[in-house]
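Convention: sequence-line order gives letters A, B, ...; per-chain numbering from 1.
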2 protein chains.
Amino acid sequence: MQNAECKLGAFMISKGPALRDQVYSHIRDRIVSGTLEPGRVIVEVELAAELNVSRTPVSNALVMLKERGLLEDDGGKLKVPILKLEDVINLYWCRMAHDGLASRLAAERIGAKDLKQLETYLRAWETPEREDDLSALWVSDLNFHHLIYRVAGNRHLLRFSELTTELVSVYRRNTIRRMTDPTSGTNRSRNDVRAEHEAIYEAIASRNPDAAEEAARFHIRMVIQHLEQADLVIQPEQVGL
Amino acid sequence: MQNAECKLGAFMISKGPALRDQVYSHIRDRIVSGTLEPGRVIVEVELAAELNVSRTPVSNALVMLKERGLLEDDGGKLKVPILKLEDVINLYWCRMAHDGLASRLAAERIGAKDLKQLETYLRAWETPEREDDLSALWVSDLNFHHLIYRVAGNRHLLRFSELTTELVSVYRRNTIRRMTDPTSGTNRSRNDVRAEHEAIYEAIASRNPDAAEEAARFHIRMVIQHLEQADLVIQPEQVGL
DNA sequence: ACTCTGCATTCTGCATGCAGTATTCGCTAG
DNA sequence: CTAGCGAATACTGCATGCAGAATGCAGAGT
């Protein structure tokens, strides 16, 4: 029963990755998607029953989620954190520091091949495709930033970045409506983002660490500024999407 | 047997904090102290027997340690990470970014009371006490930096800082002999550190975020520079203390 | 009607059982 | 003597049992 594949919510449990990791991913996704609303008390037994696994892997997964800040301990109970705009902004301040450092290090170390790849990701912004094809831009954006981290070659920095990204994905989902970095049709035009990315690229390409750091920081500062403006647009209802 | 207090290695198990947290602390301390040498394979059963607890809380503690980078997964086995100077330096790069941001935010927000407290910690460096009373300086140093983080008021940033500090404490113990930030009788004089701290303090006191960030960054850059010099002094033997 | 107390239910943390997997040691055959 | 194979061992992951703590509900007393 457990060796073969079993229903796991709407998905299957494969026997490849450890069960606790699958459970981790599943719960994380439910938090991000809002199926587990902010403030919701997490009950181990419930999830175990739901996923047709025992409490053990669920318990382990919960420990992991807690360590990463995706769950928080509130009066002895584990809850999905209730997220404020302040938290998102605080996370973006961290990201500013991280991205700045990553760009600095990347500017010092990048090779011809990676530089070319970086340019490719940048180009995605130049093509004036259909306005609604945002997912492609989003992917390019992720690739762009991720490549910079990879080139920076600091595994601890990369880890911090990943933690931040994971948290932001939760927070964003539950606090802001349609307020992603690359999209944002309202205040922040696609061209703004493109120009900021281009500045980062140019600084890295010219191997100018100071300029690279500053460009990356500027980029994030703009995002933060945008977030603060978006304060007005926040939806107070945090349940569901 | 479990309700009362039991032997836990050389210590006692209290019934206050959850067992897994006590086990976590114990193992972390053993990693930091070098009783569990870098490269050592961690075996759950062994630790459980040693601490007179079952495998369950040990397992949970190991998950936590892994999440925080104090253990790493190597070919399906958990090992105490083998640490290179490069890692310490990479961590200090992160710390530069974090401390810089914290100082910036602190400069924007600090109140009179905290400022006064910060000055107190700073003063500890001015008194030319006995040269060997380094622990007092070490404590002042910790307090100084920690207060800045507290004032900064960004809980995510604080968490990143704590993760970094925890990792550095491991790395330092096992790679460098007598190479702490405040001490360092060799290349880096106590006065250097004092001056750098004073610069940070002055910038924060004058509510100058840019200067505060730069002062903090300079401080860490000096530490990194010192670490790189210390490369020559590294002890290759990583086992034991 | 309101409150206090006690019982039932629920949940979590820890212990332990069970089975699959990998590793190692020894035996046997070439 | 060596190489290869098989069996025993060791370890981990998952399931489950057990007990203590908290929560809530209900009944009784004021």
Side-chain angles (χ1 to χ4, degrees), chain A residues 1-9 11-27 30 36 39-67 70-81, chain B residues 1-9 11-28 30 36-37 39-67 70-81:
Chain A
M1 181 60 155
Q2 207 53 46
N3 292 336
E5 298 192 337
C6 291
K7 286 278 275 188
L8 172 84
F11 297 96
M12 291 295 184
I13 279 193
S14 66
K15 63 176 174 180
L19 215 40
R20 66 153 163 266
D21 293 315
Q22 297 181 62
V23 174
Y24 169 84
S25 301
H26 179 81
I27 301 178
R30 290 195 54 183
L36 292 171
R40 167 101 163 233
V41 174
I42 297 295
V43 19
E44 200 175 284
V45 186
E46 198 176 316
L47 287 167
E50 199 175 320
L51 304 181
N52 284 319
V53 298
S54 80
R55 287 169 40 216
T56 309
V58 176
S59 171
N60 279 326
L62 294 184
V63 170
M64 293 169 66
L65 288 156
K66 186 178 151 197
E67 284 298 315
L70 270 66
L71 290 178
E72 67 184 17
D73 209 331
D74 175 43
K77 295 194 177 312
L78 275 187
K79 296 187 177 179
V80 180
Chain B
M1 181 61 156
Q2 208 53 44
N3 293 337
E5 298 192 337
C6 291
K7 286 278 274 189
L8 171 85
F11 296 98
M12 290 296 186
I13 279 191
S14 67
K15 62 176 173 180
L19 215 40
R20 67 152 163 268
D21 293 316
Q22 297 182 60
V23 173
Y24 169 84
S25 301
H26 179 81
I27 300 178
R28 181 204 54 202
R30 290 194 55 183
L36 292 171
E37 327 86 72
R40 167 101 162 234
V41 174
I42 298 295
V43 17
E44 200 175 283
V45 186
E46 199 176 314
L47 287 167
E50 199 175 318
L51 305 180
N52 284 318
V53 297
S54 81
R55 286 168 44 215
T56 308
V58 176
S59 171
N60 279 329
L62 295 185
V63 171
M64 293 169 66
L65 288 156
K66 185 178 152 197
E67 284 299 314
L70 270 66
L71 291 177
E72 66 184 18
D73 209 331
D74 174 43
K77 295 194 177 311
L78 275 186
K79 295 187 176 178
V80 179

Can you sort out the partners of [X] under side-chain hydrogen bond (donor to acceptor under 3.5 Å, both in side chains), two or more places apart, ordered by chain and number?
X     : result
A:R20 : none
B:D21 : none
A:K79 : A:D74

Can you tell me the distance, in whole Å, between the [atom1] atom of [X] and the [atom2] atom of [N]?
X     : N      : atom1 : atom2 : result
B:L47 : C:dA15 : CG    : P     : 14 Å
B:L78 : C:dA22 : CG    : C1'   : 16 Å
A:N60 : C:dC14 : CG    : P     : 12 Å
B:N52 : C:dT16 : CG    : C1'   : 16 Å

query = For DNA chain D, whose closest nucleotide is more 5', that of A:S54 or that of A:G75?
reply =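 Comparing both residues, the 5'-ward one is A:S54.
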message = What I'd like to find out is whether the side chain of B:L47 reaches to under 4.5 Å of the side chain of B:I42, using heavy atoms alone.
response =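 Yes, their side chains come closer than 4.5 Å.
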Sequence neighbours excluded and cut-off under 3.5 Å, please list the side-chain donor-acceptor pairs for residues 53-60 of chain B, or say none.
residue, atom, partner, partner atom, Å
B:S54, OG, B:T56, N, 3.2
B:R55, NE, B:E44, OE2, 3.0

inquiry  = Under 4.0 Å from OP1 or OP2 of D:dC14: is there any side-chain N or O of A:T56 that close?
reply    =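 Answer is no, no contact under 4.0 Å.
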Under 3.5 Å between N/O atoms: give me all the protein pairs with nucleotides 10-13 of chain D, atom names plus distance.
residue, atom, partner, partner atom, Å
D:dT12, OP1, B:I42, O, 3.4
D:dT12, OP1, B:E44, N, 2.9
D:dG13, OP1, A:R20, NH2, 3.3
D:dG13, N7, B:R55, NH2, 2.8
D:dG13, O6, B:R55, NH1, 3.1
D:dG13, O6, B:R55, NH2, 3.0

request  = Could you name each residue pair satisfying salt bridge (Lys or Arg N to Asp or Glu O under 4.0 Å) that touches residues 56-67 of chain A, not counting sequence neighbours?
outcome  =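 As it turns out, the salt bridge (Lys or Arg N to Asp or Glu O under 4.0 Å) pairs with a partner in residues 56-67 of chain A, which skip direct neighbours, are A:K66-A:D73, A:E67-B:R68, A:E67-B:R159.
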